[in-house]
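As the structure lists them, so they are numbered: ligands from 1, and atoms in each ligand from 1.
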Amino acid sequence: MIKIGLFGFGQTGSVVAGEIIRDSQCKLEWVIRQSPKNSSDYASLLLGFEHLEGKIVHIRDVNFDQFFKENQVDVIIDFSSSSSVSVYSSAVKYGCKIVSAISNYETKDINQLKQLSQEAAVLYSPNITVGINFLMEASKLLQKIAPHADIEIIEEHFRGKKDVSGTALRIAEQLGLDKSEHVNSIRVGGIVGKHEVVFGLPNQTIRIIHESHNRAAFGQGAIYAAKWIMGKEKGLYSMEQALSLMMNAPNDEIQSEPVAPL
Ligand SMILES: NC(=O)C1=CN([C@@H]2O[C@H](COP(=O)(O)OP(=O)(O)OC[C@H]3O[C@@H](n4cnc5c(N)ncnc54)[C@H](OP(=O)(O)O)[C@@H]3O)[C@@H](O)[C@H]2O)C=CC1
Ligand SMILES: O=C(O)C1=N[C@H](C(=O)O)C[C@H](O)C1
């Protein structure tokens with residue numbers, strides 16, 4: 001059984017908590033959040049389950065050294081905010097691994113995360129769905145085939161998302177594009193997350209699109225990453241690496257059943 005601690009119980013973290021609770025190989029030990037809302041409640045009861053799992057803890061009530069010593073987990077999954085990284089160091093002292101899904105880190109925080117990976121296994125992914133990583137690999141392959149194509153990235157999210165998609169910025173980086181010129185953001189309605197890479201050629205256009213329809217996609221990806229990182233030594237890992245076995249396997253080795261939920 002993998003014991004998981006979750007940071008964040010917002011529009012994504014609350015859905016991820018449900019996925020963790022449903023997974024027979026995982027147990028949600030606790031959820032830390034920024035406000036006192038639902039403090040001391042159980043995520044399981046708030047999400048409609050009947051058993052007690054995932055006690056909600058208000059960050060202000062936490063003495064982190066004592067908390068992580070008395071509430072040890074195998075993996076912390078983070079869907080909160082950039083600043084949470086400041087408290088991970090107390091947890092990794094007890095062997096805890098980190099799966100961070102924070103899409104846009106402040107520079108000081110990403111540097112702290114990289115520093116932490118020198119003493120713990122850390123997986124960081126701005127988009128932790130399995131499918132977006134196939135989009136990235138497919139886009140890199142197409143760019144190799146058509147190096148002169150014009151390329152634009154379009155990211156679409158819900159109206160309230162203030163930051164530019166960390167996923168889109170990562171795709172631009174992987175394709176060697178200027179992030180400030182080739183990422184186009186659309187903010188409408190309740191779009192969960194859509195990323196499109198548009199390749200413009202003289203007589204045709206090729207579009208590679210990934211859409212997340214439900215935030216459960218992020219939960220499934222985070223759980224896959226948590227299971228994968230369990231066996232890893234200290235170091236900084238990406239979701240591409242976690243999926244590399246699946247993506248690089250020769251055709252005759254690709255399992256009929258997906259090794260990870262798409
Ligand atoms: N990598 C990926 O695939 C994905 C990444 N994300 C990222 O996850 C993050 C959260 O997204 P979303 O759920 O939409 O945001 P919300 O604002 O809905 O939720 C943020 C949650 O984090 C909590 N929180 C904020 N700061 C802290 C802190 N320092 N310590 C503990 N808890 C904290 C908030 O607590 P409270 O509710 O009490 O205020 C809230 O529960 C964003 O960075 C987003 O980009 C989202 C989806 C997919
Ligand atoms: O804020 C979100 O919701 C999401 N953020 C990630 C990003 O910024 O890339 C990933 C996903 O698209 C949803």
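None of Lys179, Lys194, Lys161, Arg187 except one satisfies the salt bridge (Lys or Arg N to Asp or Glu O under 4.0 Å) rule with Glu155; the exception is Arg187.
Side-chain contact between Thr107 and Tyr105 is absent, with no heavy atoms from C-beta onward closer than 4.5 Å. Contact of the His195 side chain with the His157 side chain is registered, since non-hydrogen atoms from C-beta on lie closer than 4.5 Å.
When the options Phe9, Tyr124, Tyr105 are ranked by their closest heavy atom to atom 41 (O) of ligand 1, first place goes to Phe9. Ranked by closest heavy atom to atom 38 (O) of ligand 1, the top entry among Ser84, Ser35, Ser81, Gly160 is Ser35. By heavy-atom distance, the residue among Ala101, Pro126, Ser165 lying nearest atom 10 (C) of ligand 2 is Pro126. In this structure, of Ser80, Ser103, Ser82, the residue bringing a heavy atom nearest to atom 9 (C) of ligand 1 is Ser80.
For atom 35 (O) of ligand 1, the nearest protein heavy atom (residue, atom name, distance) is Gln34 N, 3.2 Å. Atom 8 (O) of ligand 1 has its closest protein heavy atom at Phe79 CD2, 3.8 Å. The protein heavy-atom contact nearest to atom 15 (O) of ligand 1 is Gln11 CG, 4.5 Å. With respect to atom 29 (N) of ligand 1, the closest heavy atom belonging to the protein is Ser83 OG, 3.3 Å. Atom 2 (C) of ligand 1 has its closest protein heavy atom at Pro126 O, 3.2 Å. Scanning the protein heavy atoms around atom 37 (O) of ligand 1, the nearest turns out to be Arg33 NH2, 2.8 Å. Here the protein heavy atom with the shortest distance to atom 46 (C) of ligand 1 is Thr12 OG1, 3.6 Å. For atom 19 (O) of ligand 1, the closest heavy atom belonging to the protein is Gly10 CA, 3.3 Å.
Relative orientation of the Trp30 and Phe7 rings is perpendicular, given thresholds of 30° and 60° on the angle between their planes.
When heavy-atom distances to ligand 2 are checked against a 4.0 Å cut-off, His195 comes that close only through its side chain, counted from C-beta outward. If you look at Ser103 next to ligand 2, the close heavy atoms, those under 4.0 Å, all belong to the side chain. Under 4.0 Å from ligand 1, not a single heavy atom of Lys37 appears.
A salt bridge does not link Glu53 to Arg22: none of the charged nitrogens lies less than 4.0 Å from a carboxylate oxygen. A salt bridge links Arg207 with Glu196: at least one charged nitrogen is closer than 4.0 Å to a carboxylate oxygen.
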Starting from the C-alpha separation in whole Å, work towards a yes-or-no answer on side chain to side chain contact (heavy atoms under 4.5 Å, CB included) for Ile4 and Asp74. CA-CA 6 Å; Ile4 293 177; Asp74 300 305; over 6 Å; no
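At a 3.5 angstrom cut-off on N or O pairs, Asp163 does not count as close to ligand 2. Below 3.5 Å of separation, one finds an N or O of Gly166 facing an N or O of ligand 2.
Every atom of ligand 2 with a heavy atom of Thr167 under 4.0 Å away is listed here by number and element: 7 (C), 9 (O), 10 (C). Counting atoms of ligand 2 from 1 in the listed order, those under 4.0 Å from a heavy atom of Asn127 are 10 (C), 11 (C), 12 (O). Those atoms of ligand 2 with a heavy atom of Lys161 less than 4.0 angstrom away are 1 (O), 2 (C), 4 (C), 5 (N), 7 (C), 8 (O).
A cation-pi arrangement is present between Arg215 and Phe158, with the terminal nitrogen or guanidinium carbon under 6.0 Å from the aromatic centre and inside a 45° cone about the axis.
Across Cys26 and Lys227, no two heavy atoms sit closer than the pair SG-CE, 4.1 Å. In this structure, Asn214 and Val15 approach most closely via the heavy-atom pair OD1-CG1, 4.1 Å.
Distance check on atom 17 (O) of ligand 1: every protein heavy atom falls at or beyond the 4.0 Å cut-off.
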